[in-house]
Amino acid sequence: MLRLTDLREILRYVPRFREKVFVIAIDGAIVEDENIQNILLDIALLRSLRIEVALVHGAGHQIRRLAEQTGQTPSNVDGTGVTDSVTLQLALTAANRITHELLEGLAANDLRGAYGNALVAHPAGILQGVDHMFTGRVERVDTVLLRALLEQDIVPVIPPLGCDGEGHTYRLNSDAVAVEVAGALRAVKLVYLTTQAGIHLGPELLRQLTVEEAEEILKKRRDELAPSAVSKLNYAMRAARGGVPRVHIIDGRVEEGLLAEVFSNEGIGTLVHANEYQALRRAQKKDGRAIYNLIQSGIENDELLKRTRSEIERQIEDYYVFEIDRNPVGCVALHRYPERKQAEMACVCVDPKHENQGVGAKLMQYAEAQAREDGITQMFCLSTQAVNYFVQKGGYQLATPEALPPSRRERYERSGRRSQVLTKLL
């Protein structure tokens, strides 16, 4: 059941995505999963919010099964290797069937869908001495055709097949097709719905990756990735470099997973993004409410000193916020005592949904960098419950109240909290 908080989260994103394009790439295995009906319902919700959607689908799962049923041996199933004439016919049969099933599903949700020859392809040719026969590469996306469909509230359904100017058909890789379509339509999101939870390195699910981090993994740790993950990560990186701001890789079998991924900061899978997805900046007056809400749980747990919203707004120039997708998820305050070349790092707080992701460390490092720029030579902080964190992660040392500036020590004594004083030389 949709909670009110979920609805508020969705509504916060809607103005940003209205009239924008999402390209959703569905693996063939997901088309046959029971959750496909929920995915199509989610797409209907996106359309009701005036978010334009184009669907790209794979066919590898169906090609493999069709080959087994007919006793044929495909030369390749994912559109990256050699496609002989037998495999091309299997791909045509499987892809056309999937396209029709998706069109039926869209109709069942009161959506109009259409399939057109939007992909102009050319043969991949001879690669490393091997003729790839009917394997193709996308030469051009007919953007005019796809735009015309979108403008008429029609969802384009795009299979992994393309034609050349002479009417020849080529088998394409659906991951690559999704990148080309997203780039051509200037999509703000490309979402891969697959049978994996995202990109895993060993047991760890990688939640967020910059393009540079994705490239580093593909260069140095490729062997630790599943083959399907290598393809998804490679094409996600290409899409982000080609101008698609956000590329999501998620498990398409999770109910409401699509909505949870695109309408929340934390998501459920892996996000590959350009650097502007995350930002650390000085707080503005409009951030006062967000900071106040952010620190409430810390105040209730007696981890943070109680601050009113008006107090925060009066000192807003001392605050910095860590944003994810333009939403503050962490904050820190830097109170300066220039006459003693000291500064207090205070109000370090991270949204529980984003804990253990290095946000706190980034906030501390940023505050220290700002202090150095201001000529500060010593940092100090006060803590009741996070002493070990500041010592182990921040390099702070235990100190006594005598290390505080006089005005700050007076307030320390008056508060009665008996916080541990910690200091660090810059």
Side-chain angles (χ1 to χ4, degrees), residues 207-208 266 278-283 287 290-308 311-312 315-324 328-426:
R207 290 291 187 181
Q208 299 163 11
E266 61 272 14
Q278 296 183 347
L280 245 170
R281 60 171 176 81
R282 185 185 291 273
D287 298 311
I291 294 172
Y292 176 76
N293 292 334
L294 195 62
I295 66 175
Q296 290 311 299
S297 62
I299 292 172
E300 291 171 6
N301 297 331
D302 202 30
E303 295 172 312
L304 296 175
L305 183 68
K306 184 176 180 180
R307 296 167 174 84
T308 66
E311 287 173 338
I312 293 169
Q315 294 183 303
I316 199 68
E317 291 187 356
D318 286 359
Y319 284 84
Y320 301 88
V321 293
F322 187 96
E323 288 184 321
I324 292 183
V329 301
C331 66
V332 64
L334 185 66
H335 304 308
R336 299 161 180 83
Y337 298 84
E339 70 282 356
R340 292 175 60 99
K341 294 189 175 181
Q342 287 180 291
E344 177 184 8
M345 182 171 62
C347 201
V348 180
C349 184
V350 178
D351 187 317
K353 296 177 183 177
H354 297 274
E355 289 178 347
N356 302 314
Q357 296 179 26
V359 175
K362 290 177 181 176
L363 286 165
M364 286 198 298
Q365 292 164 7
Y366 191 81
E368 290 171 8
Q370 297 300 309
R372 285 191 185 93
E373 288 184 11
D374 294 340
I376 301 298
T377 58
Q378 186 187 59
M379 298 284 293
F380 68 89
C381 64
L382 307 177
S383 179
T384 57
Q385 300 176 39
V387 174
N388 286 344
Y389 179 83
F390 287 114
V391 171
Q392 295 171 9
K393 300 292 186 182
Y396 281 75
Q397 295 182 337
L398 302 182
T400 63
E402 285 73 22
L404 301 176
S407 59
R408 184 64 182 92
R409 183 175 178 183
E410 182 182 341
R411 283 185 286 121
Y412 171 87
E413 300 290 355
R414 199 165 57 240
S415 73
R417 284 170 54 85
R418 301 182 63 187
S419 303
Q420 175 63 56
V421 178
L422 300 106
T423 60
K424 179 179 181 178
L425 294 175
L426 298 182

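These numbers come from the heavy atoms of this one structure, side chains and all, not from hydrogens, waters or symmetry mates.
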[X] side chain near [Y] side chain, heavy-atom distance below 4.5 Å:
X      : Y      : answer
Val329 : Lys353 : no
Tyr396 : Ser383 : no
Ile295 : Ile312 : yes
Arg417 : Leu382 : no

| query | What pairs of residues pass the salt bridge (Lys or Arg N to Asp or Glu O under 4.0 Å) test when at least one of them lies in residues 363-376, not counting sequence neighbours? | reply |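 Sorted pair list: Arg336-Asp374, Glu368-Lys424.
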Ignoring hydrogens, what is the shortest heavy-atom contact between [X] and [Y]? Give both atom names and the distance.
X      : Y      : result
Val350 : His354 : CG1-O, 3.7 Å
Gln378 : Ala403 : OE1-O, 4.3 Å
Thr423 : Ala399 : CG2-CB, 3.7 Å
Leu304 : Val348 : CD2-O, 3.9 Å
Ile299 : Arg307 : CD1-N, 3.8 Å
Ser419 : Tyr412 : O-OH, 2.7 Å

| request: May I ask you to decide if the ring planes of Tyr319 and His335 are parallel, tilted or perpendicular, using 30° and 60° as cut-offs? | output: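 Rings of Tyr319 and His335: perpendicular, as their planes differ by over 60°.
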Let me confirm one number: the [atom1]-[atom2] distance from [X] to [Y], rounded to the nearest 0.5 Å.
X      : Y      : atom1 : atom2 : value
Leu334 : Leu363 : CG    : CG    : 12.0 Å
Lys341 : Leu426 : NZ    : CG    : 12.0 Å
Cys347 : Ile291 : SG    : CD1   : 7.5 Å
Met379 : Met345 : CE    : CE    : 5.0 Å
Tyr292 : Thr308 : OH    : OG1   : 7.5 Å
Lys306 : Ser415 : NZ    : OG    : 14.0 Å

Crowded around [X] [atom1]? As in, over 12 foreign heavy atoms under 6.0 Å?
X      : atom1 : value
Glu355 : CD    : yes
Asn356 : CG    : no
Gln385 : CD    : yes

| query | For Asp287 and Arg281, what are the C-alpha separation, side-chain angles and deciding distance, and is it a side-chain contact (heavy atoms from CB on, under 4.5 Å)? | reply | CA-CA 11 Å; Asp287 298 311; Arg281 60 171 176 81; 2.8 Å; yes
| field | salt bridge (charged side-chain N to carboxylate O under 4.0 Å, His left out) against Arg408, all qualifying residues, sequence neighbours excluded | value |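 Counting only residues at least two positions away or on another chain, Arg408 forms a salt bridge (charged side-chain N to carboxylate O under 4.0 Å, His left out) with Glu344.
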| With sequence neighbours excluded, what pairs up with Glu410 under the salt bridge (charged side-chain N to carboxylate O under 4.0 Å, His left out) test? |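 Glu410 satisfies salt bridge (charged side-chain N to carboxylate O under 4.0 Å, His left out) with Arg414 only.
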| request: Using side-chain contact (heavy atoms from CB on, under 4.5 Å) as the criterion, point out the one residue from Leu404, Leu398, Thr400, Val387 that pairs with Val421. | output: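 Testing Val421 for a side-chain contact (heavy atoms from CB on, under 4.5 Å) against Leu404, Leu398, Thr400, Val387 leaves exactly one candidate, Leu404.
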| field | Test applied, side-chain contact (heavy atoms from CB on, under 4.5 Å); reference residue, Tyr366; option that passes from Gln370, Lys362, Met364 | value |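 Output: one option passes, namely Gln370.
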| query | Between Glu303 and Ala386, is there a donor-acceptor pair closer than 3.5 Å when you use the side chain of the first and the backbone of the second? | reply |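 The answer is no, because no donor-acceptor pair under 3.5 Å joins these two groups.
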